[in-house]
Amino acid sequence: MKIDPGVLEDQPKLKEMLDQFVGCRDDRSSWEYSLYPSLTLKHASSTKLVWEFNVEKQHCNMTGNVHGGCVASLVDECSGFAAFTHQGRNQWKNFGVSVNISASYLRGIPGGETARVEVTTERVGKTLANFYVKIFDAKDRLCYTGNHTVFCTDPKI
């Protein structure tokens, strides 16, 4: 996972969680590990994250487009960090766990292209957070959308 310079200057909690996340991911055999080298965080604000994703051969299905499971993984992985940019009263301390995730497939993105993944924070509450994800191709066409609901795992004491 890469981060453009300056993106995290006003996002200390997001920086802390990205550092923690990258530091604990040593299992290179997991599916989602194949996503990390291809992801770059380009923008972070209190309501939005923007990632760049370089689509490589291992991310594609038999037709040469991004695999549906890869799209769902992008929705999951990219939106999971958005809770840490939230500026409201509910400040999460730990990563949550998915309770609902969905993806809609509108058009394919072929291998070799760079996709843009936009995560919008819909709501961050004490126990649940909701995120909406849009994935665009290199021609700025909407190709995939996703919704992700995450349960907060922070200790209640």
Side-chain angles (χ1 to χ4, degrees), residues 1-27 29-55 59 66-107 109 114-137 140-157:
M1 224 176 257
K2 299 178 265 318
I3 302 160
D4 270 3
V7 170
L8 299 177
E9 284 179 5
D10 62 344
Q11 298 292 338
K13 183 62 178 178
L14 178 59
K15 179 180 180 347
E16 174 191 336
M17 297 312 287
L18 279 163
D19 290 344
Q20 176 185 328
F21 182 79
V22 170
C24 75
R25 291 296 181 145
D26 292 334
D27 182 11
S29 65
S30 67
W31 159 252
E32 61 270 10
Y33 185 83
S34 73
L35 302 178
Y36 305 146
S38 300
L39 276 170
T40 303
L41 183 61
K42 305 296 278 183
H43 170 80
S45 71
S46 64
T47 59
K48 189 174 191 176
L49 293 180
V50 178
W51 300 84
E52 200 171 73
F53 179 65
N54 296 317
V55 181
H59 305 129
V66 177
H67 189 280
C70 182
V71 171
S73 294
L74 286 168
V75 170
D76 184 10
E77 298 293 326
C78 293
S79 65
F81 291 99
F84 304 114
T85 65
H86 179 66
Q87 300 296 317
R89 95 182 153 182
N90 298 307
Q91 299 291 311
W92 290 20
K93 295 171 182 58
N94 298 299
F95 286 103
V97 294
S98 299
V99 294
N100 189 31
I101 193 165
S102 66
S104 295
Y105 307 92
L106 310 172
R107 78 170 55 236
I109 299 177
T114 299
R116 186 177 77 253
V117 182
E118 294 184 359
V119 179
T120 303
T121 301
E122 300 292 324
R123 177 183 178 277
V124 177
K126 283 191 259 185
T127 57
L128 292 175
N130 305 92
F131 306 103
Y132 184 67
V133 179
K134 293 190 236 178
I135 302 175
F136 298 88
D137 66 10
D140 205 32
R141 297 178 296 191
L142 182 62
C143 297
Y144 312 104
T145 62
N147 288 294
H148 191 196
T149 303
V150 181
F151 178 77
C152 182
T153 60
D154 290 351
K156 302 301 178 215
I157 327 177

- Task: Verify the neighbour count for atom CZ of Arg89: are there more than 12 heavy atoms of other residues, nucleotides or ligands below 6.0 Å?
- Result: no
- Query: Should Leu128 and Val150 count as side-chain neighbours, where that means a heavy-atom distance under 4.5 Å?
  - Reply: no
- Query: Within a strict 4.5 Å, meaning less than it, do heavy atoms of the Thr121 and Lys48 side chains meet?
  - Reply: no
- Message: Any heavy-atom pair between the side chains of Arg107 and Arg141 that's under 4.5 Å?
- Response: yes
- Excluding sequence neighbours, so at least two apart, what forms side chain to side chain contact (heavy atoms under 4.5 Å, CB included) with Ser102? Asn147
- Message: Please tell me whether Ser98 and His148 have a donor and an acceptor in their side chains that are separated by less than 3.5 angstrom.
- Response: yes
- Task: Determine whether Leu18 and Leu8 make a side-chain contact, defined as any pair of heavy atoms from C-beta on separated by less than 4.5 Å.
- Result: yes
- Message: Does the plane of the ring in Phe81 sit parallel, tilted or perpendicular to the ring in Trp51? Use 30° and 60° as the thresholds.
- Response: tilted
- Heavy-atom check, side chain of Ser45 versus side chain of Thr85, under 4.5 Å: no
- Task: Considering only NZ, NE, NH1 and NH2 on the basic side and carboxylate oxygens on the acidic side, decide whether Lys126 and Asp154 come within less than 4.0 Å.
- Result: no
- Message: Are Leu49 and Cys78 packed together at the side-chain level, in the sense that at least one heavy-atom pair is separated by less than 4.5 angstrom?
- Response: no
- Query: How would you list all residue pairs meeting ring pair (Phe, Tyr, Trp, His ring centres under 6.0 Å) that involve residues 116-136, not counting sequence neighbours?
  - Reply: none
- Task: Inspect the surroundings of NZ in Lys134 and state if more than 12 heavy atoms from other residues, nucleotides or ligands are less than 6.0 Å away.
- Result: no
- Do Ile135 and Thr145 come within less than 4.5 Å of each other through their side chains, counting heavy atoms only? no
- Query: Going by atom types only, do Thr153 and Asn94 share a side-chain donor-acceptor pair under 3.5 Å?
  - Reply: no
- Task: Please report the closest heavy-atom contact between Phe95 and Gly80, naming both atoms and the distance.
- Result: CD2-O, 4.2 Å
- Message: According to side chain to side chain contact (heavy atoms under 4.5 Å, CB included), who are the partners of Ser46, at least two apart in sequence or on a separate chain?
- Response: Gln87
- Task: Evaluate the ring planes of Phe53 and His59, with Trp represented by its six-membered ring, and classify them as parallel (under 30°), tilted (30 to 60°) or perpendicular (over 60°).
- Result: tilted
- Closest heavy-atom pair and its distance - Asp137, Cys143: CB-SG, 3.6 Å
- Task: Give, for atom CD1 of Ile3 and atom NZ of Lys42, the distance between the pair rounded to the nearest 0.5 Å.
- Result: 12.0 Å
